[in-house]
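Below, each value reflects all heavy atoms present in this structure, side chains not excepted, and no hydrogens, waters or symmetry copies.
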Amino acid sequence: MSDSVPRNRSSNPVRRLVFLTALMVFMYLCMRAFRFTNAGLNLAFGCLFLLLPLFAIKPALRLRRWWAKIVTLTLLMPLLAFSLVRLSAMVACDIPDAVNHRQLSRELCTLHQGQYSVHLAWKETSGGAVGPHGVSLEQRRTILPGIYAVKYLDYFEGASDGSLSFVGPDKVSLYIPIAGYDQDQKNIQRVYLLKPWLYF
């Protein structure tokens with residue numbers, strides 16, 4: 001009669017690595033397609049995403065074969081480096097700005113049609129002059145209370161002003177004057193075709 005204890009399947013390092021990889025891919029896709037209306041929740045979600053590679057170190061070291069450990073850790077190192085750099089930037093810039101309620105965006109124009117809205121906003125990243133700042137154009141659709149789907153249509157680095165107008169069903173015209181740029185640029189006038197369901 002054997003006294004061996006059945007191995008806990010949930011502690012299998014390969015399963016844990018596969019689960020963490022799938023979770024990271026899912027969270028990355030969510031960050032690209034969805035946003036919380038609360039900026040603090042968006043920041044917390046981003047921090048959690050960046051912390052996930054740290055949880056992969058232990059199962060990677062518990063892999064049985066030495067070549068599997070080397071390959072996994074080699075693939076993991078760039079991801080860990082990026083996560084640590086981005087987390088450091090969040091601690092130094094994003095979190096203090098959120099605590100101090102610093103305004104990092106200003107709505108320039110908003111249009112509503114059907115179930116979606118189109119937003120033209122001036123945005124800057126935490127870090128002031130170091131980070132990018134410009135005008136962003138995006139389409140939004142509320143999915144649940146506090147959560148909306150977003151589709152980024154365009155971005156104009158250095159711009160600070162602009163206007164929107166509907167020119168037909170699911171068509172919007174964007175105008176950014178030359179005076180709205182920090183540097184020498186031309187007037188911009190473009191027409192964008194919108195999708196009523198954003199991604200469908």
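- For the pair Ser117/Tyr148, no side-chain contact is recorded, criterion being any heavy-atom separation below 4.5 Å from C-beta on.
- In this structure, Arg102 and Glu124 have side chains that are in contact, with non-hydrogen atoms separated by less than 4.5 Å.
- Listed by chain and number, the residues in a side-chain contact (heavy atoms from CB on, under 4.5 Å) with Arg190 are Asp154, Phe156, Ile188, Tyr192 (sequence neighbours excluded).
- Every pair passing salt bridge (Lys or Arg N to Asp or Glu O under 4.0 Å) that includes a residue from residues 71-94 is listed here, sequence neighbours excluded: Arg86-Asp94.
- For Glu138 and Lys123, the salt-bridge test passes: some basic side-chain N is under 4.0 Å from an acidic carboxylate O.
- Without hydrogens or angle criteria, Asn38 side chain to Gly40 main chain gives a donor-acceptor distance under 3.5 Å.
- Met24 and Leu84 fall within the same hydrophobic cluster, where Ile, Leu, Val, Met, Phe, Trp and Tyr residues are linked whenever their side-chain heavy atoms come under 4.5 Å apart, directly or through other members.
- Within 6.0 Å of atom OH in Tyr28, 12 or fewer heavy atoms from other residues, nucleotides or ligands are found, so the atom counts as exposed in its surroundings.
- A side chain to side chain contact (heavy atoms under 4.5 Å, CB included) with Leu63 holds for exactly one of Ile70, Leu73, Thr72; it is Thr72.
- With hydrogens and angles disregarded, a donor-acceptor distance shorter than 3.5 Å links the side chain of Ser83 to the backbone of Leu50.
- Using a 4.5 Å heavy-atom threshold, the side chains of Leu80 and Ile57 count as touching.
- Under a cut-off of 6.0 angstrom, the local environment of CZ in Phe26 is sparse, with at most 12 non-hydrogen atoms contributed by other residues, nucleotides or ligands.
- Between Leu137 and Leu164 the shortest side-chain heavy-atom distance falls below 4.5 Å.
- In this structure, CG on Leu75 lies 9.5 Å from OG1 on Thr21, to the nearest 0.5 angstrom.
- Rounding to the nearest 0.5 Å gives a distance of 15.0 Å between CE of Met27 and CZ of Arg32.
- Applying the side-chain contact (heavy atoms from CB on, under 4.5 Å) criterion to Asp170, with sequence neighbours excluded, gives Gln113, Tyr116, Leu194, Pro196.
- Sparse packing is recorded around CD of Gln115, with 12 or fewer heavy atoms of other residues, nucleotides or ligands lying under 6.0 Å away.
- Crowding of Phe36 atom CZ: a count of heavy atoms from other residues, nucleotides or ligands under 6.0 Å exceeding 12.
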